[in-house]
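Working notes, structure below.
What you are looking at is a predicted structure, and each value in this text was computed from that prediction instead of being measured. By convention in this document, chain letters (A, B, ...) are assigned in the order of the sequence lines, proteins followed by strands, and residues within each chain are numbered from 1.
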Amino acid sequence: MDTKKQMQTIIRRLKKEYPKSKTELFYGTPFQLLTATILSAQTTDVLVNRVTEPIFKKYKTANDFLKLTPEELEKMIKSINYYKTKAKNILSCAAIIKERFSTEVPKTMQDLITLPGVARKTANIVLSEAYGINEGIAVDTHVKRLAARLGISNNTDPVKIEQDLMKITKKENWQLVSNLLIYHGRRVCDAKKPRHSDCVLADICPSADI
DNA sequence: CTCCCGATAT
DNA sequence: ATATCAGGAG
């Protein structure tokens, strides 16, 4: 079966299911998106938004966040897991962005992944959402799980999964496919109990033995 | 490979 | 009690 056609079908059907799919992370500025995405590692977006909403009212740019001490930021994001590491990374990012990138969140993959706590997944989110740049496909836990279940990629390395997805997806759909798979992963194809009977992809999915 | 290390659903 | 949640670094 043609995997490119399979991907086209997946995108068409999921687009119909979730016409308004976009990031569910709350943010205003590029640095806020970077911050929210760093916080979102192994954490639900609902919890991230709960924590960032009051913070983002006061702190919008890298320079704003540099007014905070690590201890102050830790206290504000205490309910997020890995809060110490994340607080340190966010402030390190702010400092580096101020010093090396004239206070602006970088617009290239190469520059973004030099930031602490930022790898391809986070960089892809920032590039596509904040700047509209399709450098790659953001592969998170949902994309990884759905790619495996749909028989698209058996790799465990997120970078290889991203390459497998890019090969069979039109570049213009790179950010869309990531958002669609995440939406579907959260609502129907969840990790514990995938709801095959409610899945619009069931007939083309190797994992749905209905 | 381990560490980071909280909230929530089941 | 345990698995999982928009991962990344050492």
Side-chain angles (χ1 to χ4, degrees), chain A residues 14 18 20-28 30-56 70-71 73-97 105-106 109-131 134-149 153 155-163 165 174-195 207:
Chain A
L14 291 183
Y18 318 113
K20 301 229 166 207
S21 74
K22 56 175 172 54
T23 181
E24 295 181 81
L25 292 172
F26 169 73
Y27 73 98
F31 189 79
Q32 288 179 339
L33 176 61
L34 177 65
T35 299
T37 310
I38 289 173
L39 290 175
S40 70
Q42 296 291 285
T43 308
T44 59
D45 57 342
V46 176
L47 192 54
V48 172
N49 289 338
R50 192 185 303 165
V51 164
T52 55
E53 198 191 347
I55 300 176
F56 287 176
E71 292 74 20
L73 185 54
E74 279 179 19
K75 192 176 286 184
M76 297 165 94
I77 64 171
K78 186 86 164 73
S79 59
I80 304 277
N81 65 346
Y82 316 145
Y83 67 96
K84 287 185 182 175
T85 306
K86 289 172 178 176
K88 182 159 62 71
N89 284 341
I90 289 165
L91 293 183
S92 296
C93 282
I96 294 169
I97 286 170
V105 177
M109 174 66 69
Q110 193 179 359
D111 286 341
L112 278 168
I113 60 177
T114 65
L115 300 172
V118 179
R120 286 192 64 90
K121 181 256 169 181
T122 300
N124 276 325
I125 303 282
V126 172
L127 288 172
S128 63
E129 290 291 333
Y131 296 133
N134 272 330
E135 180 79 22
I137 296 176
V139 176
D140 73 330
T141 182
H142 296 295
V143 174
K144 181 177 178 179
R145 183 178 65 253
L146 267 67
R149 285 183 179 163
S153 176
N155 283 309
T156 53
D157 179 3
V159 177
K160 289 182 179 172
I161 296 171
E162 183 182 358
Q163 288 171 350
L165 285 168
W174 282 1
Q175 86 282 27
L176 177 65
V177 78
S178 183
N179 282 332
L180 288 174
L181 291 178
I182 290 165
Y183 253 62
H184 194 58
R186 292 189 57 204
R187 289 162 178 73
V188 177
C189 191
D190 61 282
K192 291 178 182 172
K193 269 175 51 181
R195 300 169 55 191
S207 309

Checklist outcome for this item: Nearest-nucleotide check on DNA chain C, A:K192 vs A:A123; residue mapping nearer the 5' end is A:K192
Item to check | Stacked pair A:Y82-B:dC5, distance under 5.5 Å, angle under 30° | outcome: no
Checklist entry - In whole angstrom, what separates A:E162's CD from C:dG7's C1'? => result 14 Å
Checklist entry - Shortest non-hydrogen contact from A:R195 to A:R187? => result NH1-O, 3.8 Å
Checklist entry - Is A:K86 reaching over with its side chain to a backbone N or O of A:N81, donor-acceptor style, under 3.5 angstrom? => result yes
Checklist entry - Hey, does A:K86 reach any base, or is it just sugar-phosphate, or nothing, if we go heavy atoms under 4.0 Å? => result nothing
Checklist outcome for this item: To the nearest angstrom, the CD-C1' distance between A:Q42 and C:dA3 comes to 11 Å
Next on the checklist: Taking the P atom in each of C:dA3 and B:dT2, what is the distance between them to the nearest angstrom?
Outcome noted: 15 Å
Item to check | Length of the line joining A:I96:CD1 and C:dA9:P, which is rounded to integer Å | outcome: 11 Å
Next on the checklist: Counting the atoms with a prime plus P, OP1 and OP2 as sugar-phosphate, which does A:K84 contact under 4.0 Å by heavy atoms, base, sugar-phosphate, or nothing?
Outcome noted: sugar-phosphate
Checklist entry - NA contact type, A:I182, heavy-atom cut-off 4.0 Å: base, sugar-phosphate, or nothing? => result base
Checklist entry - Roughly how many Å is it from CG in A:N89 to P in C:dA9, rounded to a whole number? => result 7 Å
Checklist outcome for this item: On DNA chain C, more 5' by nearest nucleotide between A:N81 and A:I113 is A:N81
Checklist entry - A:N179 near the nucleic acid: base, sugar-phosphate alone, or nothing, with a heavy-atom cut-off under 4.0 Å? => result base
Checklist entry - Which part of the nucleic acid, if any, lies within contact of A:T141, taking any heavy atom under 4.0 Å across all strands shown: a base, the sugar-phosphate backbone alone, or nothing? => result sugar-phosphate
Next on the checklist: I'd like the P distance from C:dG8 over to B:dA7, given in whole Å.
Outcome noted: 22 Å
Checklist entry - If you look at every strand shown and take non-hydrogen atoms under 4.0 Å, does A:I125 touch a base, only sugar-phosphate, or nothing? => result base
Next on the checklist: Need one value for A:L181: base, sugar-phosphate or nothing, where a base atom within 4.0 Å counts as base even if backbone is also close, heavy atoms only.
Outcome noted: nothing
Item to check | Donor-acceptor pair between A:N124 and A:E162 side chains, under 3.5 angstrom | outcome: yes
Item to check | Pair of N/O donor and acceptor under 3.5 Å linking C:dA6 base with A:T23 side chain | outcome: yes
Checklist entry - Contact class for A:V46 vs. all strands (heavy atom < 4.0 Å): base, sugar-phosphate, or nothing? => result nothing
Checklist outcome for this item: Minimal heavy-atom distance between A:A123 and A:I113, with the atoms involved, is CB-CG2, 4.1 Å
Next on the checklist: Rounding to an integer number of Å, can you tell me how far A:D45 CG sits from C:dT4 P?
Outcome noted: 18 Å
Item to check | N or O in side chain of A:R50 less than 4.0 angstrom from B:dT8 OP1/OP2 | outcome: yes
Checklist entry - Within the distance-only criterion (no hydrogens, no angle test), does the side chain of A:N155 pair as donor or acceptor with the backbone N or O of A:D157 below 3.5 angstrom? => result no
Item to check | Whole-angstrom distance between B:dC1 and C:dA6, as gauged at atom C1' | outcome: 24 Å
Item to check | Below 4.0 Å: OP1/OP2 of C:dG7 and any side-chain N or O of A:R120 | outcome: no
Checklist entry - If you take all heavy atoms of A:V118 and A:L112, which pair is closest and at what distance? => result CG1-O, 3.4 Å
